[in-house]
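Have a look at the structure below, then the notes.
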Amino acid sequence: MPETDRLERLIADECGECCESDVAERLESLEAYRDAIPDDAGTDRSALQTLSNETRYDIVYLLAAADRELCVCEINPLVDVSDSAISHALSDLHDAGLVTRRKNGTWRYYETTDRAAELVAALDATRGGE
């Protein structure tokens, strides 16, 4: 059985007393919460980790604001990092499933995926809230 000393103290504080069956019952109810964790959470963690970088975050927001494809040459003047850093960031965003890319001759265009747009909207909706 997992370490339950603190849980026992919590239950005793809440109920005035605690016995083994109280702990077992609470643990059983808590285990149900584990089902809320997606089996394929790796893609979620990858997307969030990718957005944790300032350059990648800024690029996703730029693309979401544009609401259309942007050429790399349109992104470059808006992001204060080297061309190679932008290229690397766009590659990471693509690998994480947050942007699509399309090549047209010598030009490469990027656009947010639906997932990225929804993440941006969710962040916007929760910003500043407690």
Side-chain angles (χ1 to χ4, degrees):
M1 181 176 263
E3 177 61 43
T4 60
D5 291 345
R6 293 185 73 202
L7 182 57
E8 289 173 27
R9 288 195 316 266
L10 173 67
I11 295 169
D13 282 352
E14 291 175 348
C15 302
E17 61 182 332
C18 179
C19 64
E20 277 188 45
S21 65
D22 294 330
V23 173
E25 185 178 307
R26 180 70 63 98
L27 285 172
E28 185 177 322
S29 70
L30 292 170
E31 278 296 321
Y33 300 145
R34 235 184 260 235
D35 294 339
I37 300 170
D39 291 336
D40 62 348
T43 58
D44 294 348
R45 287 189 294 271
S46 176
L48 294 171
Q49 184 176 9
T50 300
L51 288 177
S52 70
N53 171 274
E54 183 178 353
T55 300
R56 295 184 298 245
Y57 177 89
D58 290 351
I59 290 171
V60 165
Y61 261 87
L62 289 170
L63 291 169
D67 198 28
R68 67 176 180 87
E69 289 182 322
L70 290 180
C71 178
V72 173
C73 66
E74 295 175 295
I75 297 169
N76 280 5
L78 303 174
V79 182
D80 191 24
V81 295
S82 68
D83 291 352
S84 64
I86 291 171
S87 177
H88 186 74
L90 286 165
S91 180
D92 289 345
L93 289 165
H94 180 265
D95 292 347
L98 298 174
V99 299
T100 60
R101 66 179 167 210
R102 177 179 67 85
K103 190 170 183 174
N104 185 5
T106 60
W107 307 108
R108 193 165 283 231
Y109 295 88
Y110 291 85
E111 186 173 23
T112 56
T113 61
D114 290 342
R115 184 169 209 198
E118 289 176 23
L119 283 169
V120 165
L123 291 169
D124 287 346
T126 59
R127 188 172 299 109
E130 293 297 317

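No hydrogens, no waters, no symmetry mates; every other heavy atom, side chains included, goes into these values. Quick note: residue numbers are just sequence positions, from 1.
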Over 12 non-hydrogen atoms of neighbours within 6.0 angstrom of [atom1] in [X]:
X: His88; atom1: NE2; answer: no
X: Asp35; atom1: CG; answer: yes
X: Glu14; atom1: CD; answer: yes
X: Asp39; atom1: CG; answer: no

One pair to check against side chain to side chain contact (heavy atoms under 4.5 Å, CB included): Ser52 and Tyr57. What are the steps and the verdict? CA-CA 7 Å; Ser52 70; Tyr57 177 89; over 6 Å; no

Pairwise distance [atom1]([X]) to [atom2]([Y]) - rounded to 0.5 angstrom:
X: Glu69; Y: Trp107; atom1: CD; atom2: CH2; result: 14.5 Å
X: Glu17; Y: Asp22; atom1: CD; atom2: CG; result: 7.0 Å
X: Glu25; Y: Cys19; atom1: CD; atom2: SG; result: 9.0 Å
X: Ser91; Y: Ile86; atom1: OG; atom2: CD1; result: 13.5 Å
X: His94; Y: Thr113; atom1: NE2; atom2: OG1; result: 9.5 Å
X: Asp58; Y: Leu51; atom1: CG; atom2: CG; result: 10.5 Å

Check whether any side-chain heavy atom of [X] sits under 4.5 Å from a side-chain heavy atom of [Y], and report yes or no.
X: Ser87; Y: Val72; result: no
X: Ile75; Y: Leu90; result: yes
X: Leu98; Y: Thr112; result: no
X: Val23; Y: Cys18; result: yes
X: Arg108; Y: Arg102; result: no

For [Y], is there any backbone N or O sitting under 3.5 Å from a side-chain donor or acceptor partner on [X]?
X: Glu118; Y: Arg115; value: no
X: Thr50; Y: Ser46; value: yes
X: Asn53; Y: Arg56; value: yes

Thinking salt bridges, do Arg26 and Glu31 make one under a 4.0 Å N-O criterion?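 A salt bridge is absent here (no side-chain N lies under 4.0 Å from a carboxylate O).
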
Below 4.0 angstrom, N of the basic side chain to O of the carboxylate: do Glu111 and Arg68 qualify?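 Looking at Glu111 and Arg68, the cut-off is not met.
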
Cluster overlap Leu63 with Tyr109, hydrophobic side-chain contacts below 4.5 Å: no

Hydrophobic clustering (ILVMFWY, side-chain heavy atoms < 4.5 Å, transitive) - are Val81 and Val99 grouped together?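 Yes, it is one cluster - the side chains of Val99 and Val81 are joined through contacts under 4.5 Å.
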
Minimum-distance pair of heavy atoms, taken over all atoms of Gly105 and Lys103: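 So the minimum-distance heavy-atom pair works out to O-CE, 3.1 Å.
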
Cationic tip of Arg101 above Tyr110 ring, under 6.0 Å, 45° of axis: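 Negative - Arg101 is either too far from the ring of Tyr110 or too far off its axis.
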
